[in-house]
> 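Can you read through this structure? Questions will come right after.
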Protein chains: 4
Amino acid sequence: MEPLERKAQILGHAARLFGQSGYHDTSISDIIAAAGIARGTFYLYFENKRSIFEELLDGLLSQILGRISAVDASPDAPSPREQLIDNITRVIELFADERHMLEILFKGAVGLDREFDAKLQDFYEALVDEMIGSLDQGQVMGLVRPCDTRFAARIALGAFKEMLHERFYNPDREDEDPRKLAAEVLDIFCKGVLEDGVAIP
Amino acid sequence: MEPLERKAQILGHAARLFGQSGYHDTSISDIIAAAGIARGTFYLYFENKRSIFEELLDGLLSQILGRISAVDASPDAPSPREQLIDNITRVIELFADERHMLEILFKGAVGLDREFDAKLQDFYEALVDEMIGSLDQGQVMGLVRPCDTRFAARIALGAFKEMLHERFYNPDREDEDPRKLAAEVLDIFCKGVLEDGVAIP
Amino acid sequence: MEPLERKAQILGHAARLFGQSGYHDTSISDIIAAAGIARGTFYLYFENKRSIFEELLDGLLSQILGRISAVDASPDAPSPREQLIDNITRVIELFADERHMLEILFKGAVGLDREFDAKLQDFYEALVDEMIGSLDQGQVMGLVRPCDTRFAARIALGAFKEMLHERFYNPDREDEDPRKLAAEVLDIFCKGVLEDGVAIP
Amino acid sequence: MEPLERKAQILGHAARLFGQSGYHDTSISDIIAAAGIARGTFYLYFENKRSIFEELLDGLLSQILGRISAVDASPDAPSPREQLIDNITRVIELFADERHMLEILFKGAVGLDREFDAKLQDFYEALVDEMIGSLDQGQVMGLVRPCDTRFAARIALGAFKEMLHERFYNPDREDEDPRKLAAEVLDIFCKGVLEDGVAIP
DNA sequence: TATGAATGAGTCTTCATTCAT
DNA sequence: TATGAATGAAGACTCATTCAT
């Protein structure tokens with residue numbers, strides 16, 4: 001088999017297994033059995049167990065970033081709101097297509113070791129930074145009310161992650177339109193949950 | 001040593017180690033070395049490695065729940081807003097006192113196995129249910145605008161978790177007043193980040 | 001079993017196996033099978049395969065050094081010649097008692113890795129230094145003819161090693177009196193093989 | 001590439017690697033990487049790892065033997081002493097030219113397995129037999145004093161090996177004249193280290 | 001209640017060798 | 001001749017758990 005093809009095949013099986021059972025409960029034996037290859041073949045393509053997981057995670061993080069575009073403010077572009085919703089929708093769709101990846105991101109890669117933790121931190125930090133930029137700009141334009149934008153961005157990240165959770169772990173929502181969820185989470189983050197002009201007593 | 005005292009002592013060391021190194025990278029050997037006990041003694045107090053971790057996690061989840069009170073609507077009680085902020089503040093303070101517990105909750109217990117995942121799910125689900133109740137009531141009272149309250153509650157949970165993250169993993173915030181953070185996250189969730197009457201174009 | 005006893009037992013089996021089959025052809029499985037212990041038990045007493053071999057080699061080198069005494073020049077002591085022969089004899093007897101050790105020293109530990117090589121080098125160097133001292137002193141006393149004493153000492157070492165080889169690998173000599181061999185090698189090193197006053201043409 | 005040329009090229013790289021890292025720490029991968037050939041190509045020229053090492057060792061032993069000539073007693077020939085020194089010098093020069101070979105002979109091939117051990121034994125035995133012949137003849141001619149000539153020959157071998165060691169592992173001697181060393185070791189073996197007419201007390 | 005020696009299933013990893021192309 | 005993907009037996013090592021004392 002062609003090296004690239006074989007590597008992709010192994011990665012595919014590994015992704016499924018890591019997603020199903022987590023990093024520690026997936027053994028090299030499991031992977032090679034699923035891929036139908038010999039033990040040595042695995043090590044022809046990956047240095048060790050850690051590295052195949054890392055490759056998987058790196059690929060996932062890149063794919064996510066690849067689905068997020070900076071908002072295009074030119075007149076011909078869709079409205080900013082549309083673009084934001086598009087971004088969120090595309091990420092939801094990514095996980096809809098590769099469900100295992102959600103497990104890997106939300107469970108498998110969490111707390112594995114210091115290096116993986118740092119990798120995730122950095123990834124989330126990059127997302128947050130992106131959002132801080134937009135919020136800061138929004139403040140300048142008078143759209144965003146005065147607040148700690150880093151804090152707000154972090155909250156947006158949490159809202160977004162939990163929206164994914166709701167969509168993918170609540171069976172009632174497994175068919176829900178990604179676009180609708182994207183709009184919903186964006187709305188809550190922008191306008192909050194209270195009626196206009198109302199405050200908690 | 002008194003059995004209960006000894007058990008508590010072992011739990012303490014285990015909490016620290018699990019928090020520092022995670023479940024898999026903490027061995028029974030590490031725990032007994034830290035506690036200064038013999039291998040067999042450990043198994044006098046805990047059935048196995050899993051069970052000591054479970055005990056730790058259960059204790060943590062109880063403590064969290066114990067710090068959250070339902071909003072008391074009686075006239076003598078503090079305002080609902082105060083009570084909500086109090087709840088959030090108490091949870092922040094819990095983690096400020098026992099930092100390891102945050103690691104255990106956010107990293108150590110994530111993706112460990114199906115059973116632990118379910119336990120965490122149930123815990124978060126309980127929190128969400130609580131919030132749904134409040135939001136539903138808010139809708140009835142005309143405070144909360146029409147929306148999917150389960151979805152909104154989930155978002156609130158995500159916002160809250162990420163606030164904890166921001167507080168405890170961002171060195172710039174390690175001394176920030178828990179009360180202020182509690183108010184801030186509550187505000188964003190209630191009013192959103194946009195200026196009144198404004199919308200994203 | 002008492003730890004020290006068990007450790008000694010394992011060391012004994014390992015010595016035999018390393019002596020018979022060499023370092024690489026002796027597996028942990030071989031050792032534990034011979035010792036009748038479980039795999040984990042081995043690692044209770046030795047960090048790894050290398051370390052048990054090292055312990056064996058260190059022990060051997062110490063034993064050798066322990067059987068060599070500096071020549072005592074006091075009037076009550078036996079004659080220097082007797083003392084030198086005693087030293088050599090004791091070393092021959094050591095290997096006669098623990099034949100495996102000879103294999104370990106002459107074959108098993110040779111060329112294993114840089115660290116073991118250095119250990120052996122250092123050991124031989126120490127022996128050579130000892131001999132250099134004696135030869136230098138002999139020169140001062142007019143006993144030893146002018147020559148490069150370091151070179152001569154090295155030659156003495158080679159002569160001694162090959163004498164051991166002859167004694168232990170030539171079946172005709174396996175019962176030969178250690179004392180006689182000691183005297184013989186000492187004589188050749190001191191007087192050479194030529195008749196007095198004769199030279200190679 | 002011409003088969004013989006290719007084979008020689010592979011042998012050259014293998015010799016260097018075996019000399020540097022020893023038999024076990026040199027992998028087929030190392031050899032083919034150094035030689036710039038494919039894995040399968042290696043097995044076109046050598047049956048297996050053992051056989052390339054054997055070929056190398058056999059070549060080395062032949063070369064050594066090829067540099068040793070029986071002493072020519074005819075009147076036109078150089079003096080016997082000259083011839084002996086010439087023999088020794090040529091062997092020293094061989095190793096000076098191919099240092100790796102020394103490592104292979106003194107470390108790499110030692111204790112590898114029973115068969116290689118036997119091969120080395122046989123080689124040394126042949127050298128010893130040669131020397132026994134000369135010593136016996138010397139005794140007949142009244143040059144060599146009465147002694148066990150096999151034992152003496154063995155000692156000579158040991159002296160010679162250790163001389164090589166001194167020359168090649170002692171940095172102070174790396175430029176020393178081979179001829180001088182040859183004379184020196186021959187002298188010690190012939191006349192010993194003591195002054196004429198002196199004995200150890 | 002406490003000890004700690006013993007266990008052995010399970011895991012990752014290496015590497016000489018084969019063989020279809 | 002040459003290639004290099006594939007093999008799988010064999011190796012070292014870990015660690016949660018048990019149990020006789």
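Below, chain A is the first sequence line, B the second, and so on; all start at residue 1. Everything quoted here is computed from the prediction, not taken from an experiment. All values below come from the heavy atoms of this structure, side chains included, with hydrogens, waters and symmetry mates left out.
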> D:L44 has a side chain; which of F:dT1, E:dT17, F:dA12 sits nearest to it?
F:dT1

> Nearest to the side chain of D:R39 - E:dA2, E:dC12, E:dT18?
E:dT18

> Choosing from F:dA16, F:dA6, E:dT3, which nucleotide comes nearest the side chain of A:M1?
F:dA6

> If you find the nucleotide of DNA chain F closest to B:E47 and the one closest to A:R6, which residue's nucleotide is nearer the 5' end?
A:R6

> Tell me what D:T41 touches on the nucleic acid: a base, only sugar-phosphate, or nothing, going by heavy atoms under 4.0 Å.
base

> What is the distance, rounded to the nearest whole Å, between atom CD1 of B:I31 and atom P of F:dC15?
13 Å

> From CD of B:Q9 over to C1' of E:dT1, roughly how many Å is that when rounded to an integer?
14 Å

> How long is the span from the CG atom in C:L56 to the OH atom in C:Y23, to the nearest 0.5 Å?
11.5 Å

> Starting the side chain at C-beta, find the nucleotide from E:dT13, F:dT1, E:dG8 nearest to A:Y43.
E:dT13

> Measure from the side chain of B:P3, starting at C-beta and using heavy atoms only, and say which of F:dA16, E:dT1, E:dT17 lies closest.
E:dT1

> How close or far is atom C1' of E:dT11 from atom CG of B:D25, stated in whole angstroms?
15 Å

> Identify whether any heavy atom of A:F42 sits under 4.0 Å from a base atom; if not, whether one sits that close to sugar-phosphate; answer base, sugar-phosphate or nothing.
nothing

> Say whether A:S21 and B:R114, considering side chains only, have a donor N or O and an acceptor N or O under 3.5 Å apart.
no

> Look through every strand shown and name the nucleotide pairing with F:dT18 as Watson-Crick or G-U wobble, where both distances are under 3.5 Å.
E:dA5

> D:N48 or A:N48: which one's nearest nucleotide on DNA chain E is closer to the 5' end?
A:N48

> May I have the distance from A:H24 (atom NE2) to E:dT11 (atom P), rounded to whole angstrom?
13 Å

> Checking the side chain of D:R39 only, and the main-chain atoms of D:I28 only, is there a donor and an acceptor separated by less than 3.5 Å?
no

> Tell me whether the centres of the aromatic rings in D:F53 and D:F116 are closer together than 6.0 Å.
yes

> When the distance from CD1 of A:I32 to P of E:dC12 is rounded to whole Å, what number comes out?
10 Å

> Among the candidates E:dT11, F:dT7, E:dA2, find the nucleotide nearest to the side-chain atoms of B:Y45.
E:dA2

> Check the distance between E:dT7's C1' and B:I28's CD1 and give it to me in whole angstrom.
16 Å

> Could you check how far NZ of A:K49 sits from P of E:dG10, rounded to whole Å?
15 Å

> For side chain to side chain contact (heavy atoms under 4.5 Å, CB included), just list the numbers for A:L44 and A:I37, CA-CA rounded to whole Å, side-chain angles, deciding distance to a tenth of an Å, and then say yes or no.
CA-CA 11 Å; A:L44 233 44; A:I37 58 173; over 6 Å; no

> Heavy-atom nearest nucleotide on DNA chain E for C:A38 versus A:S29: which residue maps closer to 5'?
C:A38

> Rounded to the nearest Å, what distance is computed from the CZ atom of residue A:F46 to the C1' atom of nucleotide F:dA5?
15 Å

